[in-house]
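Below, chain A is the first sequence line, B the second, and so on; all start at residue 1.
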There are 2 protein chains.
Amino acid sequence: MRPTVFDIAAAAGVSLATVDRVLNQRPGVRLVTREKVEAAIRDIGYIRDVAAANLAKGRVYPLVFVLPAGDNSFMHGLHAEVRQAMTRSALERTEIRIVEVPAFDPPALVAALDALRDEDIAGVALVATDAPEVRAAVDRLVDARIPVVTLVSDLTGSARHHYAGVDNIAAGRTAARLLGRFLGGRKGDITVLAGSMLVRDHRERLQGFAALMASEFPQLRLLPVLEGRDDPDIANGLVSDALSRDKDIIGVYSLGAGNRGLIRALKAAGQGHDLTVVVHELTEHTRAALLDGTIDAVLNQDAGHEVRSAIRVLKATADGQGVIAAQERIRLDIFLQDNLP
Amino acid sequence: MRPTVFDIAAAAGVSLATVDRVLNQRPGVRLVTREKVEAAIRDIGYIRDVAAANLAKGRVYPLVFVLPAGDNSFMHGLHAEVRQAMTRSALERTEIRIVEVPAFDPPALVAALDALRDEDIAGVALVATDAPEVRAAVDRLVDARIPVVTLVSDLTGSARHHYAGVDNIAAGRTAARLLGRFLGGRKGDITVLAGSMLVRDHRERLQGFAALMASEFPQLRLLPVLEGRDDPDIANGLVSDALSRDKDIIGVYSLGAGNRGLIRALKAAGQGHDLTVVVHELTEHTRAALLDGTIDAVLNQDAGHEVRSAIRVLKATADGQGVIAAQERIRLDIFLQDNLP
DNA sequence: AAATTTCTGATTTACGTACATCAGAAATCG
DNA sequence: CGATTTCTGATGTACGTAAATCAGAAATTT
């Protein structure tokens, strides 16, 4: 049988009440007694039964997800996954709330975060916009002993406890290698479509992409980045323009959202171009385009995994517990026509 | 507040004891009363607090992992992950035991499975060898109301509750597409190294690979499959032979284990061949070969995920609960040099 | 209608932990 | 040394559920 608090009390020669005081870091225990109890805990290998403890405490985890408003498919999916998690709240003792903030708007994000500081909250997950004032606001939350995880996009140099998202530099490099290898030595131009260089994930993807392109595939020339603001119509216009202007384009890398517009432009360009295309985020649109051959590969981060991971990490952090690192690593999925889920 | 058993009793106008009898499917409740209680449960939206129930029951989950003996890296890794899970037993209320059986040996596997039938066990996970007698043994376990999940390799037509592994046909197709695209239109021979055609995962990978090769890359010719029995030395011999015999080989697909030997053979062949190589399973050997360029892509299934998923599914099945399907889907990881974990 | 058999209610104990209260012991202070 | 102050022990209740017991009510059989 697993040792219990009774066993600690017996082993340490103290009462249950004292064991309880030590375990829950309550005052009223002399240093020597405390050490005696702690030794006993180690000796008999006591592990707190978290389920029983939570039951006794009537513990619930009020969690807040701060998500950008916006109508691209990826954020829609993320919202949906958080709502999905809400339906499991009863089982998981969570109480999840979504706070929406305008996208790419640091002051709004800061205001939302600061508003949370005085609430009684077990953790915050946010899609970070990478700005110093956001970092400061996150650090204030951490100072207030509120667990914080960044979601999808990380926050440079902040004290956040965890990042639930992919390694975007690696994602960019991977996209470059796929594109380069798929083009098999052909020479020509590559155009890159991004959402905004204001978010860290997009910047990092570009950085990784450009670096690997330069070192491994010098025969491919990178055109200036197109910024589509994750908007299908803007993206469509930019890409259509580029394709009609430059007949040497043989590859496209879309590292942001708004791929609906990109796909429209690609289909319109049609047979005129023999294009190899790598994009990010699996949505109904990119899935269809992958299947019909308009797109050659989709890099994806699984929003469901990110949300579930964020919740697990926040709960564990709130309890001062560890997590299974390998389980919480968010992997970059590479989808070809053949391994779609 | 979440409704409790007391609320059910009040709502149904019966006593706690009766509610308990209904909830735990104990005899001694008239049909009409039972239906009244069940209606009340639905009406007030009662959800059983599994943690409290397990606490009261003193529930533990004795699980058995039936794993093939053998010294290839992948099975080593799988063993290690199961042992890792054992260290979390206290927290997860599991009691995990590993039963080793000889690899590719249906009778031994059957004997091991049948021995488990009379034990008091909450679930069995096994790496299946695909044979009718094994299927029958699994079905006997299922008949004995013991939850069963297949791990890594599935079992045709059996009643197992779940399969914790990748879609191997899709894996084979994906390998074919990668190899075909990386070869960029070149013409030549492809050699395939398998472990044994007796296990379903290898057969399926080959099937997917061959089908896609035939339909999409007719300029590539598939050589007869080499069976390396997942043994490094045998693999080395077979591949070295093939490479020296056939100078038209431009691609290699290794769909089993024992890649240490393959890598030795590839390095020995050296500059003589310009080879594109896709292999399965990320190990220290394949990782190093990927980084030094000997291998171009590694397809991988995350053994840790498989083990953790199997445990979650077994526990949930034992409790008659559902699982989050998306969470339990084991994904095929594609690793290039650039996205290694 | 009486005798059974089958259901149901009331109550208690338990699981492992948290938390509160109060009395009494030990340490510290003046 | 007595008077405080600080610790510690003993005890009880609670969390939500499981499981057992036993008495009594209801249904069924004779």
*Asks:* Considering only nitrogen or oxygen atoms on both sides, find all protein atoms under 3.5 Å from nucleotides 15-17 of chain C and state each distance.
*Replies:*
from	atom 1	to	atom 2	distance (Å)
C:dC15	O2	B:Ala56	N	3.1
C:dG16	N2	A:Ala52	O	3.3
C:dT17	OP1	A:Tyr46	OH	2.7
C:dT17	OP1	A:Asp49	N	3.1
C:dT17	OP2	A:Val5	N	3.0

*Asks:* Please determine which of B:Asp143, B:Leu109, B:Leu113 meets the side-chain contact (heavy atoms from CB on, under 4.5 Å) test together with B:Val138.
*Replies:*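 The side-chain contact (heavy atoms from CB on, under 4.5 Å) with B:Val138 is passed solely by B:Leu113 among B:Asp143, B:Leu109, B:Leu113.
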*Asks:* Does anything in residues 28-38 of chain A come within less than 4.0 Å of DNA chain C? Heavy atoms only, and list the residues if so.
*Replies:*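 Here the set is A:Arg30.
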*Asks:* Hey, which of A:Leu126, A:Val152, A:Leu151 is the one that makes side-chain contact (heavy atoms from CB on, under 4.5 Å) with A:Leu67?
*Replies:*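 Exactly one pass, corresponding to A:Leu151.
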*Asks:* Is it the case that A:Arg48 places NZ or CZ above or below the six-membered ring of A:Tyr46, under 6.0 angstrom from the centre and within 45 degrees of the axis?
*Replies:*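 No, A:Arg48 does not sit over the ring of A:Tyr46.
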*Asks:* May I ask you to establish whether B:Arg59 and B:Tyr61 are in a cation-pi arrangement, using a distance under 6.0 Å from NZ or CZ to the six-membered ring centre and at most 45° from the ring axis?
*Replies:*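 Yes, B:Arg59 sits over the ring of B:Tyr61.
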*Asks:* If you round to the nearest 0.5 Å, how far is CG of B:Leu78 from CD of B:Glu306?
*Replies:*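 One finds 7.0 Å between CD of B:Glu306 and CG of B:Leu78.
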*Asks:* Does C:dG9 have OP1 or OP2 sitting under 4.0 Å from an N or O in the side chain of B:Thr18?
*Replies:*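 Checking C:dG9 against B:Thr18, a side-chain N or O does come within under 4.0 Å of OP1 or OP2.
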*Asks:* Quick one: CG on B:Asp201 to CG on B:Asp130, what's the gap to the nearest 0.5 Å?
*Replies:*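 Answer rounded to 0.5 Å: 9.5 Å.
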*Asks:* Which heavy atom of A:Arg2 sits nearest to which heavy atom of A:Asp49, and what is that distance?
*Replies:*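 Residues A:Arg2 and A:Asp49, closest heavy atoms: NH2-CA, 3.4 Å.
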*Asks:* Evaluate A:Asp139 against A:Ser158 for side chain to side chain donor-acceptor pair (under 3.5 Å), listing each step before the verdict.
*Replies:* CA-CA 6 Å; A:Asp139 288 353; A:Ser158 79; 4.7 Å; no
